[in-house]
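Reminder, nothing fancy here: chain letters follow the sequence lines and each chain counts from 1.
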Amino acid sequence: MPVITLPDGSTRQFDGAVTGTDIAAAIGPGLARAALAMVVNGAEQDIAREITEDASVKFITRKDDAALELIRHDTAHVLAAAVQALFPGTQVTIGPSIENGFYYDFARDEPFTPDDFPAIEAKMRELIAANTPFTREVIARDDAIALFESKGERFKAELIRDLPADQTITIYHQGGWFDLCRGPHLRTTGDIGTAFKLMKTAGAYWRGDSKNPMLSRIYGTAWRDQKELDAYLLQLEEAERRDHRRIGREMDLFHIQEEAVGSIFWHQKGWKLYRTVESYIRRRLDASGYEEVRTPQLVDRRLWEKSGHWDKYRKHMFIAEVVDEESTLALKPMNCPCHVQIFKQGLRSYRQLPLRMAEFGACHRFEPSGALHGIMRVRAFTQDDAHIFCTEDQIASETVKFVELLESVYKDFGFESFAVKFSDRPDERAGADDVWDRAEAALKTACEAAGVSYELNPGEGAFYGPKLEFVLRDAIGRDWQCGTIQVDFVLPERLDAEYVTAESTRARPVMLHRAIIGSFERFIGILIENYAGRFPLWLAPTQAVVATIVSDADAYAEEVVAALRAAGLAAEADVSNQKINAKIRDHSLHYVPNILVVGRKEAEERTVAIRRLGGAAQQVLPLAEAIALLKAEATPPDLR
RNA sequence: GCUGUCAUAGCUCAGGGGUAGAGCACUUCAUUGGUAAUGAAGAGGUCCUGGGUUCAAUUCCCAGUGACAGCACCA
């Protein structure tokens, strides 16, 4: 006699076992039509499942976010069914829902290409139109393995073998096709609707391991209705317009060419932006008790051998050969061992700790070709690196200080929110387990003290210690690690760093590796996409263009530019032989934040007409006033 | 690195077995104009590189390089 409690607190009693379908029908025909699945005691289930005991039940309708995930998951199933109908011999593997859609990985000798999409989509629409029910079947492990093996589905059989022993194994049928699946599902294929689209193909390793065979992945997107799908596709198009590679060219910021793959040619305007960011970070570090240093680019391999990097990362290091010498030098892939060398000069006292050593460290890493991406992932980059040498009980307070600094810096650059990930010990690592225990515990304590909530990223720590990652998102939703702080008990040991304690004994310092923006290259890439080229005035590489209406105003325009430059503003004159309309258009398309228009009238009255990017109105001000206004606006946030 | 797609003018792209085209940008001339395109003329390409097939290859085939998407990697 189950008693069902509904979300509004009301209860209904039934004579015996009931399905969600029964309950929804008992409540009303509207709900019976709308309910796609249900949540029983907090767990999502098929609406056709039976309930035999008292339970709280909530129905999922198309409006719920949970429905979107079911739609995506079910679309993946239909995709797999369509593919197997059209391409016999293709093996299925896994097909989850993901942000904005789903994918399905297939094993097939010939990978799929987008040319296959029209036929597959047509088949999918056919399966959806058939409105076939999804039905659930519980199956014994050995039967399941035998079933999939008999179909030649060796990947599925492998998955089943690796499922935990106590897990109930279920198969979902849709018509004659079935798949291993935990569920839950919608009622029928028809519940999926038609707002889906196959997007792209890609290779993906079986079980995410590059030692395994590569599968053919099909990505798709799926939504509740056509309106949502259209909005999503439009959003993708808009994101493409914000791509830093595109804006970088449009704004003449940088380029990359074949002769220096993974390295950036910074043009004048891009370098101006870079310098603005660098100056800002330097001021913040200076004000936060950091000491800036500069260490060598080329360092003998002996140091990398001692630090452990040679062993683990040699393949990713650029080696410099010297003709008449025996030594092997490597371009530094990171700065930490060099900073330890500075720390080791002379005897350090506990009184000097925490010692915060910063460097805008130029690093080179031979990244795999497939990893390169615009200026976000390059082979030559500069970190806003620093190492804090401290005692174990200073870890928490230093981490708190760092997080505060990072939050303040991100806010100044316009990033109000960002994700934090806690990455703990990887399989391949240096240092004993008890050291890792202490390092992870210290970082966790510090997070609590700093009030940081994080997502756990198991096994993703550095080889010498656990880390916190601060992640920013680019225009099309890809996540990039920018800031980081890492606790390291290992390197000081390996490189023999020590200090004199209050008791006059020797002790090892702890090293905190930390970066706020990560690398200038990546961060600037994110900045470009975040602002879509429309930078706040303090960051804009060209802050004002003085555009003349008639050539009689040319001399005055040059005078205005000189005055702006004297005030520290990046200004250019446009005295070209074009109409003012064309000049406005040209500079607007190049994201110039202020166009100062000068004609005969302005030249006579010694004024300028300011036109803001994106606005149509003009503001006529006396020259001195205009300069004061722009100068104030262009002041970096930390100097206001 | 792996899978797939792509590579034609500075940019965005069309074309096609008989050595190339558009728009924008660029240069010159005319035009001196009031807030998102003034007009005309001109210049500009080893059609990514190297092989092969062919009477003939920028086009077809193979390899390389690079870019893009995803996967793997990211000290």
Side-chain angles (χ1 to χ4, degrees), chain A residues 103 105 110-115 199-219 243 245-246 249-250 252 255-259 261-262 304 307-313 315-317 332-337 363 365-374 377 379 381 383 385 426 429-430 460-465 467 469 476 478 480-481 484 486 488 490-491 513 518-519 522 547-554 575 577-589 595-602 609-618 620:
Chain A
Y103 66 79
D105 287 346
E110 196 182 328
F112 293 104
T113 74
D115 293 339
M199 302 295 284
K200 58 192 175 197
T201 58
Y205 297 109
W206 167 237
R207 296 194 145 181
D209 189 332
S210 58
K211 290 197 269 302
N212 287 339
M214 181 155 272
L215 307 170
S216 178
R217 175 173 296 180
I218 296 178
Y219 281 96
D243 191 306
R245 293 165 294 193
R246 177 195 179 112
R249 190 172 48 239
E250 286 170 354
D252 194 15
H255 85 271
I256 296 173
Q257 69 186 48
E258 217 172 304
E259 288 79 0
V261 171
W304 307 113
S307 70
H309 291 96
W310 187 263
D311 212 29
K312 191 157 167 30
Y313 289 110
K315 284 191 194 70
H316 300 281
M317 287 167 71
K332 71 175 168 186
M334 20 88 81
N335 310 295
C336 3
C363 297
R365 296 179 185 172
F366 189 73
E367 303 284 12
S369 55
L372 301 174
H373 180 87
R377 182 90 181 263
R379 289 181 175 153
F381 57 96
Q383 298 176 317
D385 202 5
R429 58 181 180 263
E460 297 292 320
F463 76 91
Y464 49 70
K467 65 177 180 180
E469 295 173 36
I476 68 163
R478 283 181 287 222
W480 297 91
Q481 180 198 306
T484 183
Q486 312 172 354
D488 181 2
V490 174
L491 260 192
H513 306 240
S519 88
R522 174 173 299 181
T548 51
I549 295 170
V550 291
S551 49
D552 287 352
D554 286 2
V575 296
N577 186 8
Q578 283 181 102
K579 284 186 156 182
I580 190 63
N581 299 42
K583 293 186 188 185
I584 297 279
R585 178 180 151 84
D586 184 30
H587 299 301
S588 298
L589 287 174
I595 301 171
L596 310 193
V597 177
V598 295
R600 266 193 207 99
K601 203 171 111 204
E602 286 78 11
I610 304 181
R611 184 196 160 106
R612 307 284 189 167
L613 178 60
Q618 63 165 339
V620 181

**Prompt:** Donor-acceptor pair, Thr548(A) side chain versus Ala553(A) backbone, under 3.5 Å?
**Reply:** no
**Request:** Give Lys601(A) one of three labels, base, sugar-phosphate or nothing, depending on what nucleic acid heavy atoms sit under 4.0 Å from its own.
**Result:** base
**Asked** Considering only heavy atoms and no angle criterion, is a donor-acceptor pair shorter than 3.5 Å present between the side chain of Arg217(A) and the base of C71(B)?
**Response** no
**Item:** Under 5.5 Å and under 30°: Tyr464(A) stacked on A75(B)
**Value:** no
**Prompt:** Is any side-chain N or O of Tyr205(A) under 3.5 Å from a base N or O of G1(B), one able to act as donor and the other as acceptor?
**Reply:** yes
**Message:** Between the base of G34(B) and the side chain of Glu602(A), is there a donor and acceptor pair under 3.5 angstrom?
**Reply:** yes
**Prompt:** Given Thr484(A) and His513(A), is the side-chain contact (heavy atoms from CB on, under 4.5 Å) satisfied, shown in steps?
**Reply:** CA-CA 8 Å; Thr484(A) 183; His513(A) 306 240; over 6 Å; no
**Fill in**
Of Asp552(A) and Leu372(A), the one whose closest nucleotide on RNA chain B sits nearer the 5' end is Asp552(A)
**Asked** Nearest of A72(B), U35(B), U32(B) to any side-chain atom of Ala371(A)?
**Response** A72(B)
**Asked** Is any side-chain N or O of Ser551(A) under 3.5 Å from a base N or O of U32(B), one able to act as donor and the other as acceptor?
**Response** yes
**Request:** Indicate whether OP1 or OP2 belonging to G10(B) is found under 4.0 Å from a side-chain N or O atom of Arg249(A).
**Result:** no
**Prompt:** Which residue, Ala582(A) or Gly208(A), contacts RNA chain B at a nucleotide closer to its 5' end, judged by nearest heavy atom?
**Reply:** Ala582(A)
**Message:** What I want to check is whether an N or O donor and acceptor connect the side chain of Arg377(A) with the base of C73(B) at under 3.5 Å.
**Reply:** yes
**Message:** Does a side-chain N or O of His373(A) approach OP1 or OP2 of A69(B) to a distance below 4.0 Å, or not?
**Reply:** yes
**Message:** Using a distance-only criterion (donor-acceptor N/O pair, under 3.5 Å, no hydrogens), is the base of A36(B) paired with the side chain of Arg611(A)?
**Reply:** yes
**N or O in side chain of Arg600(A) less than 4.0 angstrom from G33(B) OP1/OP2** = yes
**Prompt:** So what does Ala609(A) touch, heavy atoms closer than 4.0 Å: a base, only the sugar-phosphate, or nothing?
**Reply:** base
**Asked** Given that both pair distances must be under 3.5 Å and the pair must be Watson-Crick or G-U, what runs of three or more consecutive pairs involve RNA chain B?
**Response** B:1-7 with B:65-71, B:10-13 with B:21-24, B:26-30 with B:38-42, B:48-52 with B:60-64
